[in-house]
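Quick notes on the structure that follows.
Each chain gets a letter, A, B and so on, in the order its sequence line appears, and its residues count up from 1.
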Amino acid sequence: MKISYRWLARHVDLSGTTAKDLAKELTLSTAEVEGVESFLPHLSDVTVGHVVHREKHPDADKLSLCRVDVGQGEPLQIVCGAPNVRAGLTVAVATAGTTLPGDFKIKKSKIRGVESNGMICSERELGLGVEHDGIWELPQGLTVGARLGAALGMEDWVIEIDNKSVTHRPDLWGHRGIAAEVAAILRRPLKPLDLTLPATGSGAPCAVHIESDACSRYLALRVEGARATRSPLWLKSLLLAVGQRPIDLLVDLSNFVMLDLGQPNHLFDARKIGPQGIVVRKARAGETLKTLDEVERKLEHSDLLICNGDEPVALAGIMGGEGSKVTDDTSHLVLEVAAFHAPTVRRTSARLGLRTDASARFEKTLDPELVPLAAAHLVRLLQAEQPEVKLGAPATDVGKWTSAARTIRLRGERVRTLLGANLDDAAITDILVRLGFGVTQDGDALAVRVPSIRGTKDITIEQDLVEEVGRIYRYGNIPEIPLAGILVPPPRDERRRLVRRIEDRLAGSARFHQQISYSFVPDTTVEKLGLLATPHVEVMNPITEGASRVRRSVVVSLLPLIEPNRRRAADVRLFELGKGYEPVEGGEPQERHEVALVLARPPRKAHARFDDTSLAELQGVVEDLVRSLGLEGCVWSRCEAAASWAHPGRATALRIGAQDTLVGEVAALEPGLARALGLTGEIESDVALARLSVDALLAATPRARRYSPLPQFPATRVDVALALPAERGAAEAKAALERCGKGLVAALELFDVFEGERIGAGRRSLAWHVTLSAPDRTLNESDVKKFLERVEREAAQLGGELRRE
Amino acid sequence: MTQDAASVRALLGEILAALSSAPESDDTRTLRERLERFVALSDDALTPAVLLEASAVPLGAMRIFPKEARGLVGSKANAIKQAAEAALAAEKEAALAKALEAERSGAGFDATMPPPRQACGSLHPITQVTRELEDLFTSMGWTILDGPEVETEHFNFDALNISPDHPARDTMDTFWVKTQPGAPRLVMRTHTSPVQVRAMRRLQPPFRAIVPGKVFRNEALDASHEHTFHQMEGLVVGKHVSVGHLIAAMKTLLRGIFGREIEIRLRPGYFPFVEPGFELDARCPFCTEGCSVCKRSTWIELLPCGMVHPNVLKSGGIDPEQWTGFAFGLGLSRLVMLRFGIDDVRHLLAGDVRFLEQF
Ligand SMILES: [Zn+2]
């Protein structure tokens, strides 16, 4: 919102205070100021000139050759094309070197062979209007040679206020409201303004029927004998300063009143309002209205309409209708000033994408008591310009409004406690009175009378008044107070400790990069997973089509990242700690806290070691992670209900601990999905993924880790190759070896896998490094021999053999 | 060796002299000739090996010497042997020193050769900054809380004194979750503030808590706007907690973030869940006269904050007459960008390893 410095000065004495000062004061006490700019700064470069002499250009019929006195030395010779230029005029002269709006630089030039030393300007060329019917004829009596801006009293600065910072302050949406703040801050009085309605005739008033609660007050007033003439310069320049294009006196005054008091209003051509008068009602389905911007609007039942009888003539609080607008030949008007239900205006305005200065104000909940004041203001301003304007009939002022004025009890102690500032009751009272509140003593507290204009929304409780006091006192004057109290360490946060340990292990020794993804997953990915039919938490208004789903599992977020990153690097190692959501009908969704990992690298080489696969490596990473958390007893098994991203034949489930808690799954990427994700050709990849439940890990993680005593006696190592039927899993072989050890097996490490004719079809040989040790003695050859004999028997029972090369 | 050569010849001379008292025989002659050959050798020819040989000759032919001379000959021959061994040791040491010197010269080494790249992982920059702040606050006795990303309308809005007609509820800013008619309405939380009320219901005042986490706004994406970003909420509830406490806490926070005293200012700001509400500006830590970060104003708008609205305390089951509090909402994503000089917010969640591996 643009605020004009000169406009403010109509309401409060600003002597000694610059626009920059005001910006700072308002920032610290009232609202956020985005900037201060000089209004039409070139007006101080343009000079007041006097046309001393004018003759026809020797070589061009439509051009004039003028001699213009600009108050310095000899009059300048200037060629001018305007039809209205003539000797004796006072004009605006842009001399060589001046820059006009549109980066138009004035230079000395030759026009049809005649030297021209500048330009005599039109209002449009100076950025002051759209008319271009000739040069601007300035009022007589201006000092020749003076700077134009100063001579016309048009120098101004525009203070830009961030609208978002005043959404809660409907009173600040006009210059008088801002001026009231300035007056309070600067301790100066607000200049009086006569807002009483002038005497009216006794004709028939305009009938008004309010049929909807969305209109709490409606004032209609017949205004007769007005003409849509050009606005005076003071009005035009103020409107221009705040970014409004001047149109004609009637439209300009209507805007001026809105920007002055913050109260929108509307002028109808009285000829368009029939004898049934004005009806305020909700729209009917299928109704339409062509608004002033000449767009046909489709209406809905929630929209509020102003009607001439039954015919819609305006969209209440937003925009008038094309059919009832004031035209050049209008002389009788109906002035509307009303109070509309803020959410109704906001919803219609948002739905139609039609935001206007009026709707922006009505959305803020305006004070219904402003209605008659704005009407009076407009009439008085109009009569000042056109004294012949008459009010033929009394105003119709109807509705069921209530004043928002109220009295709030304010305890001085409450102010001091909340602000932490030592303000006595007298200082509090002083600030509130400056802001326009009435203050009286009420026992040991203050009774604060809140005027209606502050009471609609902003000031309703005691704490609101504390803010009023604080912001005028200035928060910068409040001393800092360290938080005191007995410092109790917060309870141990096990989840956060676990999360940090997981992050550190994965980003550290496991060498993974941590990713944080959007919670939304693209439909394209969900579709590749075949999960479009699976219920997801879904938003109604996604940022783009196909991005409405919230992930059920964090793994899904990593899938689209594999292909682009594999194009840039051979190895992709990413992990993410985050949340997935599963919808629950009729309630809050189930939240899942997960760790997801992806490991992608070029395809496995032909003669690579048996465990040189992404899957094996990722299992190793996961097992290491789990161990690092102090969890023992990892058990890997085939994952029966593999996730849709998992290779159905190469999916493993990880269980831990005595309870066999399922903590997650590690699997190769589903091969069809790998192709769908674009992992083909030169970036064909060996990809493994993992999903671990943080909740399960948290439940399983021991609070304290225990140490195992160091062995007292040296261990013996023996290598054992077991050839077993291929369907027997490694876990079975491992369990068999442990059984055979009878408690002596301290460690088992698989180091080779072999399949081939040598050991027979349908068999697989697993070779292990076995470490045997006893807590109470050094093992001898006979112990090893007995162990191997048991292994041999066990192998035979399992349908295989102990291989001896 | 010259010195030693002379003394060795002298020793040999004494042995020869002892030999002269022996009866002449072929053996005596042969021995003398052999000994004289050593004496005749040039200094250079008297290598330690030759000396060893020279010492061995009389020792091996001791029976030729007269009995009474044998002691003397033995000692002289041993003296030659010791000289030989000393020379040998010296020679060995010299060779070793030479070899060490050669090794130390580092010939063929190129100090500018790039070392092999050590693969490593990384923590996301958001994690890094979040941890710093968590550590700072926990060291001052604050608790860290967590809350759901899919939140109820109640906690996200109603409980925070955001009236049903507040513009923020409209689809412009909020992602609304599809729900069954009649079921409680859900949103992607638009701020971390809902955890304020969740915390009040769980914890007994007085307490201090922070809530880092992901939040969602339905905004068009550009270099400085994301629909998903990270925030950190702070909440203190206690007896007589005032704006003065808020100012002190915010200054401590900034000292923690920037490692030095940063000037701040509070100015009015409107948020329905605080009253009074503030915008907190920090003196630009990057300049003194205005720069692009502070848009030439020397102030950076850092965080919204304020005194907890009594209605919010009531939503949390806390009596606003007994307790007061303050809250703030720090833009973590923005702080991460400031900290690392990241110019485009979209990098943060894009998952490009070239970005992630920088941290
Ligand atoms: Zn700066």
Side-chain angles (χ1 to χ4, degrees), chain A residues 27-30 165 167-168 343 346 350 417-420 461 463-464 466-467 470-471 475-476 478-483 485 487-490 493 496 503 506-508 510-519 537-541 543 550 561 565 568-569 572-573 579 581 585-586 588-589 591, chain B residues 119-124 126-127 138 141-144 148-150 152 165 167 170-172 175-178 180 183-184 186 188 206 208 214 218 227-228 236 238 240 242-245 247-249 251 265-270 275-276 278-279 307 309-310 324 348-349 351-354 356-357:
Chain A
T27 296
L28 292 177
S29 280
T30 307
S165 75
T167 47
H168 61 305
R346 180 165 52 80
T417 301
L418 271 168
L419 294 180
I461 58 170
Q463 207 143 331
D464 295 328
V466 175
E467 169 164 54
R471 66 189 183 84
Y475 301 122
I478 295 174
E480 56 182 289
I481 313 167
L483 278 174
L487 196 65
V488 185
D493 189 337
R496 203 156 293 271
E503 286 170 344
L506 293 178
R511 299 183 283 115
F512 276 64
H513 295 295
Q514 187 183 24
Q515 157 66 357
I516 297 177
S517 300
Y518 298 101
S519 297
V537 171
E538 234 180 300
V539 297
M540 297 191 277
N541 50 332
I543 204 90
V550 175
L561 303 178
N565 281 307
R568 297 168 194 134
V572 178
R573 307 166 77 92
K579 292 169 176 178
Y581 290 89
E585 205 162 312
E588 289 179 53
E591 183 175 274
Chain B
C120 62
S122 58
L123 287 177
H124 196 281
I126 292 174
T127 302
T138 47
W142 297 49
T143 304
I144 305 169
E149 293 168 13
V150 183
T152 62
D165 286 322
D170 279 5
T171 48
M172 289 298 285
F175 287 113
W176 288 94
V177 172
K178 290 182 191 167
Q180 303 288 330
L186 300 172
M188 301 305 290
R208 311 165 183 181
K214 228 187 235 180
N218 195 342
H227 59 72
T228 302
V236 171
H240 308 302
S242 71
V243 176
H245 293 110
I247 293 172
K251 289 188 107 165
R265 70 172 187 191
L266 292 185
R267 51 186 174 80
Y270 171 67
E275 185 68 47
F278 319 110
E279 288 284 0
M307 302 306 294
H309 197 286
T324 55
L348 289 176
L349 305 185
D352 188 329
V353 173
R354 295 171 302 178
L356 298 175
E357 68 188 5

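The choice from A/Arg573, A/Lys579, A/Glu585 that makes the most heavy-atom pairs within less than 4.5 Å of chain B is A/Lys579. Of the residues considered (A/Leu419, A/Thr417, A/Thr30), A/Leu419 shows the highest number of contacts with chain B, using heavy-atom pairs under 4.5 Å. Considering only heavy-atom pairs separated by less than 4.5 Å from chain A, the leading option among B/Thr228, B/Val177, B/Thr138 is B/Val177. Ranked by heavy-atom pairs shorter than 4.5 Å toward chain B, the options A/Ile461, A/Val466, A/Leu506, A/Thr27 are led by A/Thr27. Interface check for chain A: of the options B/Gly269, B/Pro148, B/Gly351, the most heavy-atom pairs under 4.5 Å are formed by B/Gly351. Of the residues considered (B/Cys120, B/Gly238, B/Ala119), B/Cys120 shows the highest number of contacts with chain A, using heavy-atom pairs under 4.5 Å. Note on A/Asp464, A/Ile516, A/Leu561: by heavy-atom pairs under 4.5 Å with chain B, the leading option is A/Ile516. Interface remark: of the candidates A/Glu588, A/Glu591, A/Glu480, A/Glu480 forms the most heavy-atom pairs closer than 4.5 Å to chain B. Heavy-atom pairs under 4.5 Å with chain A peak, among B/Arg354, B/Lys251, B/Glu279, at B/Arg354. For the options B/Pro184, B/Pro206, B/Pro268, B/Ala248, heavy-atom pairs under 4.5 Å to chain A are most numerous at B/Pro268. Between chain A and the options B/Leu123, B/Thr143, B/Thr152, the largest number of non-hydrogen pairs under 4.5 Å is found for B/Leu123. Counting heavy-atom pairs under 4.5 Å between each of A/Ser165, A/Ser517, A/Gly470 and chain B puts A/Ser517 at the top.
In this structure, the portion of A/Ser29 lying under 4.5 Å from any heavy atom of chain B is its backbone and not its side chain. In this structure, the portion of B/Leu186 lying under 4.5 Å from any heavy atom of chain A is its side chain and not its backbone. For a residue to count as touching a neighbouring chain, one of its non-hydrogen atoms must lie under 4.5 Å from one of that chain's; by this rule A/Tyr581 touches chain B with the side chain only. Using a 4.5 Å cut-off between heavy atoms, A/Ile478 touches chain B through backbone and side chain atoms alike. For B/Glu149, the parts lying near chain A are the backbone and the side chain together; criterion is any non-hydrogen pair under 4.5 Å. Looking at B/Thr324, the atoms closer than 4.5 Å to chain A (heavy atoms on both sides) all sit in the side chain, from C-beta outward. Contact of B/His240 with chain A is made through backbone and side chain together, with heavy-atom distances under 4.5 Å. Using a 4.5 Å cut-off between heavy atoms, A/Glu538 touches chain B through backbone and side chain atoms alike. Of the two parts of A/Arg496, only the side chain, counted from C-beta on, holds a non-hydrogen atom closer than 4.5 Å to a non-hydrogen atom of chain B. With a 4.5 Å cut-off on non-hydrogen atoms, A/Asp493 touches chain B through its side chain but not through its backbone.
Nearest heavy atoms, B/Leu356 versus B/His124: CD2-CD2, 3.6 Å. Closest heavy-atom contact between B/Ile247 and A/Tyr475: CD1-O, 3.9 Å. In plain terms, the two heavy atoms of A/His513 and B/Ser122 that are nearest each other are ND1-OG, 2.7 Å. Minimum heavy-atom separation, B/Arg265 to A/Leu28: CD-CD2, 3.9 Å. Shortest non-hydrogen contact noted between B/Met307 and B/Phe278 is N-CE1, 4.4 Å. Counting all heavy atoms, side chain and backbone alike, A/Pro479 lies closest to A/Gly420 at CD-O, 3.7 Å.
For the pair A/Leu418 and B/Val243, the minimum side-chain heavy-atom distance is 4.5 Å or more. Two residues are said to be in side-chain contact when any heavy atoms from C-beta on lie closer than 4.5 Å; A/Ile543 and A/Tyr518 fail this criterion. Within the 4.5 Å cutoff, side-chain heavy atoms of B/Lys214 are placed close to those of A/Ser519. Residues B/Trp176 and B/Asn218 are not in side-chain contact: their nearest non-hydrogen atoms beyond the backbone lie 4.5 Å or more apart.
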_Quick one, B/Val353 with A/Arg568, criterion side chain to side chain contact (heavy atoms under 4.5 Å, CB included). Give me CA distance, side-chain angles, the key distance, then yes/no._
CA-CA 8 Å; B/Val353 173; A/Arg568 297 168 194 134; over 6 Å; no
*Would you sort out whether A/Val550 and B/Met188 count as a side chain to side chain contact (heavy atoms under 4.5 Å, CB included), showing the intermediate values?*
CA-CA 9 Å; A/Val550 175; B/Met188 301 305 290; 3.8 Å; yes
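With rounding to the nearest 0.5 angstrom, the CD atom of A/Gln515 is 9.5 Å from the CG atom of B/Asp352.
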